[in-house]
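Just below is one structure, and these are the notes that go with it.
All values reported here derive from a predicted model rather than from experimental measurement.
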Amino acid sequence: MADGYNPTEIERKWQQRWATDGTYEVDNDDPRPHWYTLCMYPYPSGAAHMGHVRNYTFGDLIVRYRTMNGYAVLSPMGFDSFGLPAENAAIKTGRHPREFTDERIEQLRSSILRIGAVYDWRRKVESHSPEYMKWTQWIFLKFLEAGLAYRSTAPVNWCSGCATVLANEQVTADGLCDRSGDVVEKRDLEQWFFAITNYAQQLLDDLDQLDWPERVKTMQRNWIGRSEGAQFSMPVCTADGELTGESIDVFTTRPDTSFGMTYAVMAPEHPLVDVIVTNDRRAEVEAFVQTARAASDVERLSAEGALEKRGVFTGAYVRNPFTEQPVPLYLADYVLITYGTGAIMAVPAEDQRDWDFAQAHNLPIVRTIAPPEDWEGEAYSGDGVHINSGWMDGMGKAEAIASAIAFLEEKEIGKGTVNYRLRDWLVSRQRFWGCPIPIVYCDDCGIVPVPVEQLPVTAPDDVEFRPTGESPLRLHEEFLHTTCPRCEKPALRETDTMDTFVDSSWYFLRFCDPWNDAEPFSQSAIDSWMPVDQYIGGVEHAILHLMYARFFTKALADLGVAPASMREPFTRLFTQGMIRLGGDKMSKSKGNLVAPEEILDVEGADALRLAHLFVGPPQDDVDWEGVGIEGCSRFLQRVWRLATGEAVAEQEDRAPNADDIEIEKKTHRLIDRVTTDYERWSYNTAVSTYMEFTNDLYKYIQKATPRAATLSFAIDTLLMVMAPMAPHITAELYERRTGKDVHRQAWPIADPEMLRLESVTMVVQVNGKVRDRIDVAAEISDADAEAVALASDKVQPFLTGAPKKIIVRAPQLVNIVV
RNA sequence: GCCCGGAUGGCGGAAUUGGCAGACGCAGGGGGCUUAAACCCCCCGGGACUUAGGUCCUUGUGGGUUCAAAUCCCACUCCGGGCACCA
């Protein structure tokens, strides 16, 4: 077949044409309505893997579909080009991370091109480019000025494998580094933080307005972890109730149970430990604090069960303001210094963990809520009538909580309050391949921002890459030593770099105005495109990146950098499933990658794209074993033979007969169904609709000589509705047939008149079981439908008596109940 | 432990509002084309019973609502994900 389907050839041709024609370049003042589609910009790890292919296939078909629908579509691409792998490679090979990174960007870029995904490459943004770094640093300084960036000493997460501190979000539930898997230790270090907790409530509230997967919103809500309760202070005293002058604050969600407080507990790291401990208990308490400090979170968790060893009595007491009685004050490692006030009141009767601790330490248990009659458990945390609770006796939970808070506020020792699980974002990294923090430390002036005109602060190239636990910048004398921008005396530069999530927290804004060298972006450019209409990426970013980007958006709007009305960056979010192979996660580390390149070489990009779309719903995980690349490739060849005339023996001009009209109606139904499927992200059914329609066309051309106009209309329409998913083959065939560019055609619209069916298959049931299927006119009346159903030969035998009831849903169904 | 999802043929999946379960594809079977094979084209594929026509069963399990349930409700089993000393 001299002119057979040769995907490699036509795909190269069209990819070149889209690039040279700038088909998908779009300006900010484009008069068409604007639409912003964005795929999460990738970390450049070399040639594209299947996850990329899947992601960019979804993104690209939206770009092409929206374009055919008359929109000016902003579709930019860039690279999240700072990060550890490049630096680790530098330590291993001595090559500069920039060289390594630039090379991988080129590999990734060229394999993205081979998928046929189109972007406005003029707008490319790379985290490590000096222009981008300049504005990342500028934003850091804006945050500093506004008090959103601050320096603080805190016990931080240290990963020895990565030789850097990590954000809370980068530590897994079992206390391991989510990148290297090493055990994360606690270290006290002075570090830079972003005050994301200032936005905790807004980040929580604004989730409601987003068209995001419920799963992702739930994950963010859990992560923010709002809990309502009360905070109050209790005076420290002796066993006899004699006050010592100190007091401790506690947070509780259950102030209503306060009468049942039989002891209190502080975190071992609590600053008052030294002050309140009694002399006879000091040695034991200090030993306990030492052990707790040395233990990692993993060890703390694994110590479960040995509650006797997990707490120690301080010798001190606190006065329960509800009962006025002294209760013993303990230290326990299960109380966290980082949450609430770092101290709790313990109510064993209504909290299982307090119950267990009370049992282990022989502390009293007093129920303040009567458990249900059939209660067989220990601590009871449900609702019920209060007992042993003074004036709260007889109240229910909600009423008692309100009453307890009123009591605390009246006595001016506490108040109703809200606590969040969310912590401030630690952004310092002791690494080289990241954006330097633009700060100078001066003995006289303190923390001094690098002046804007000196930005960007860039790292020198002549550094030594060694895994020392400190950034190579720290060891580079010329970089480290500078003069204070304020007093011009010798000073030291900050040598830490920013978490790479800082880079990815605003790149989508820079895409709107990537050439701006006076500001990170202009407000008008933001107005023109933001918020992103459709954001697409992996569900693994559900918390980290998406939370940080939302925080940046709100902060930048409040600082007047972005328009004040822009509260959320991503209106719609779509998270695609993971790629697996035989049940396992497909990943480099598992060594089970299926290389897209090999498929691109043989079956081609269109078949690969179609296979990804056809395999199942986009949000579901995909097992590559279930991907039918052969079926999709075969299907495209069928389309090719049909559209090139290879499969059609002859055609004729004639007035349309019944079969021709049927095909024309099917063509309109094709448009209708596919359009609905595009809008509801049901790409797998759209592909099956193409296949079904193609099968119908084969039957049509084989049954009799087809009518030329009917066949052309059918084929041209098929090519148009397939164009966003299989852009190369449709462009080639459409051009050959019509001389026009399919991607510049307006999306076809189904004629409602042609969607009307003349006859439909009516189902006749007896007692809900299908007994006959009868073709009836679409407009059949209920009475006629009933008559036809009752007259059916196949139905008659089941009508043993007079029908009790007949349900008619003409023209679909008649159900006869006997 | 808590909070979300999910379970449909040998496999991936479809069924948009409670109304024909299994679209479409893969794998399999049969036929055509071919000297032959591949490609391609056509047909058949949930299970049991039945000479046929057909009958019965079937959407993880058990119950319920309804003329009618993959779809709604209750209980349970299993799988996936998130959170988890959070006071």
Side-chain angles (χ1 to χ4, degrees), chain A residues 1 4 173-174 213-223 225-227 229 250-254 257 264-265 297 300-301 303-304 307 310 332-336 338-347 350-354 356-357 419-422 539 542-543 577-578 610-611 614-617 619-632 634-635 637-638 641 647 673 676-677 679-680 682 684-695 698-699 702 761-770 772-773 794 797 803-809 812-818:
Chain A
M1 220 74 32
D174 28 329
E214 211 43 56
R215 181 161 72 120
V216 174
K217 293 207 258 186
T218 306
M219 282 163 72
Q220 293 218 349
R221 286 191 191 104
N222 290 343
W223 191 261
R226 180 191 154 100
S227 64
V250 294
F251 172 74
T252 177
T253 55
R254 295 294 303 275
T257 64
V265 191
D297 282 0
R300 275 204 191 184
L301 282 168
E304 205 156 3
L307 275 171
R310 299 187 59 199
D333 64 4
Y334 73 76
V335 174
L336 308 175
T338 49
Y339 185 78
T341 60
I344 61 162
M345 67 173 204
V347 184
E350 277 91 34
D351 182 293
Q352 187 61 43
R353 191 197 39 221
D354 292 348
D356 295 339
F357 190 85
N419 244 294
Y420 299 92
R421 206 191 78 107
L422 184 70
V539 73
I543 295 173
M578 268 191 322
L610 228 46
F614 184 52
V615 69
Q619 65 275 14
D620 288 5
D621 285 357
V622 171
D623 201 311
W624 187 254
E625 284 178 358
V627 172
I629 184 80
E630 306 85 356
C632 292
R634 269 201 282 264
F635 163 68
Q637 291 178 47
R638 269 165 82 82
R641 286 193 295 271
R673 285 171 61 183
T676 311
D677 285 347
E679 294 293 339
R680 67 184 180 115
S682 184
N684 50 336
T685 53
V687 175
S688 65
T689 304
Y690 303 153
M691 290 173 169
E692 210 178 329
F693 183 71
T694 303
N695 291 345
Y698 267 81
K699 287 202 184 86
Q702 279 160 4
T761 304
M762 184 175 80
V763 170
V764 184
Q765 297 176 332
V766 178
N767 290 336
K769 285 191 175 152
V770 180
D772 199 5
R773 298 182 173 88
K794 290 184 180 159
K804 289 195 190 102
K805 196 172 180 183
I806 301 178
I807 288 102
V808 184
R809 295 281 179 277
Q812 271 181 328
L813 165 138
V814 174
N815 187 11
I816 303 160
V817 186
V818 294

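- The side chain of A/Lys699 lies closest to B/C43, out of B/C41, B/C20, B/C43.
- Look at B/C72: its Watson-Crick or wobble partner, with both distances under 3.5 angstrom, is B/G64.
- Of the residues listed (A/Val335, A/Asp354, A/Asp333), the one engaging A/Val265 in a side-chain contact (heavy atoms from CB on, under 4.5 Å) is A/Val335, and it is the only one.
- For A/Arg638, a side-chain nitrogen or oxygen approaches OP1 or OP2 of B/C42 to under 4.0 Å.
- Of the candidates B/A87, B/U16, B/C67, the closest approach to any side-chain atom of A/Thr676 belongs to B/U16.
- Under the 6.0 Å cut-off for aromatic ring centres, A/Phe357 and A/Tyr334 qualify, their centroids lying closer than that.
- Here the P atom of nucleotide B/C79 and the CG atom of A/Asp623 are 18 Å apart, to the nearest Å.
- The base of B/C67 lies close enough to the side chain of A/Asn815 for a donor and an acceptor atom to sit less than 3.5 Å apart.
- Taking syn as a glycosidic angle within 90° of 0, B/G9 qualifies as syn.
- Taking 4.0 angstrom as the limit, A/Arg226 places none of its side-chain polar atoms (N or O) nearer than this to OP1 or OP2 of B/C86.
- Glycosidic conformation of B/G12: anti, with the torsion beyond 90° of 0.
- The interatomic distance linking A/Asp677 (CG) with B/G13 (C1') rounds to 14 Å, in whole Å.
- Each of B/C83, B/G81, B/G12 was ranked by its minimum atom distance to the side chain of A/Asn222; first place goes to B/C83.
- Backbone-only engagement by A/Arg634 is indicated by non-hydrogen atom pairs under 4.0 Å involving sugar-phosphate atoms exclusively.
- Taking only side-chain nitrogens and oxygens, A/Ser227 comes nearer than 4.0 Å to OP1 or OP2 of B/A87.
- When both distances must be under 3.5 Å, the Watson-Crick or G-U wobble mate of B/A21 does not exist.
- Distance from the side chain of A/Arg680 is smallest to B/U16 among B/A87, B/U16, B/C24.
- Listed nucleotides B/G25, B/C83, B/C40 differ in distance to A/Phe614; the shortest reach to its side chain belongs to B/G25.
- Of the inter-residue distances, the one linking A/Lys217 atom NZ with A/Arg221 atom CZ reads 6.0 Å to the nearest 0.5 angstrom.
- At least one donor-acceptor pair closer than 3.5 Å links the side chain of A/Asn767 to the backbone N or O of A/Val818.
- Without hydrogens or angle criteria, A/Asp621 side chain to A/Met578 main chain gives a donor-acceptor distance under 3.5 Å.
- If you measure from atom CZ of A/Phe635 to atom C1' of B/C41, you get 17 Å, rounded to the nearest angstrom.
- As rounded to whole Å, 17 Å separates atom P of B/C79 from atom CG of A/Asp621.
- Distances shown here put every side-chain N or O of A/Arg809 at or beyond 4.0 Å from the OP1 or OP2 atom of B/C67.
- Spacing of C1' atoms, B/C57 relative to B/G5, comes out at 30 Å, to the nearest Å.
- Here the nucleotide nearest the side chain of A/Val770, chosen from B/A21, B/G54, B/A87, is B/A21.
- Take the nearest nucleotide of RNA chain B for A/Thr218 and for A/Gln702: the residue whose nucleotide is more 5' is A/Thr218.
- A/Arg809 and A/Asn815 share no side-chain donor-acceptor pair at under 3.5 Å.
- Panel note: side chain A/Tyr690, backbone A/Phe635; no donor-acceptor pair is recorded below 3.5 Å.
- Judged by distance alone, with hydrogens and angles left aside, A/Arg215 brings no side-chain donor or acceptor close enough to the base of B/C4 to form a pair under 3.5 Å.
- Residue A/Asn695 is in sugar-phosphate contact alone, with no base atom involved, counting any heavy-atom pair closer than 4.0 Å across all strands shown.
- Of the candidates B/C24, B/A87, B/A14, the closest approach to any side-chain atom of A/Thr685 belongs to B/A14.
- With both pairing distances under 3.5 Å, B/A36 is matched to nothing as a Watson-Crick or G-U wobble pair.
- Between A/Lys769 and B/C57 there is a side-chain N or O to OP1 or OP2 distance below 4.0 Å.
- Where A/Asp620 and A/Met219 each meet RNA chain B at their nearest nucleotide, the meeting point lying more 5' is that of A/Asp620.
- B/U55: Watson-Crick or G-U partner is B/A48, with both key distances under 3.5 Å.
- The partner of B/G80, taking Watson-Crick or G-U wobble pairs whose two distances both stay under 3.5 Å, is B/C4.
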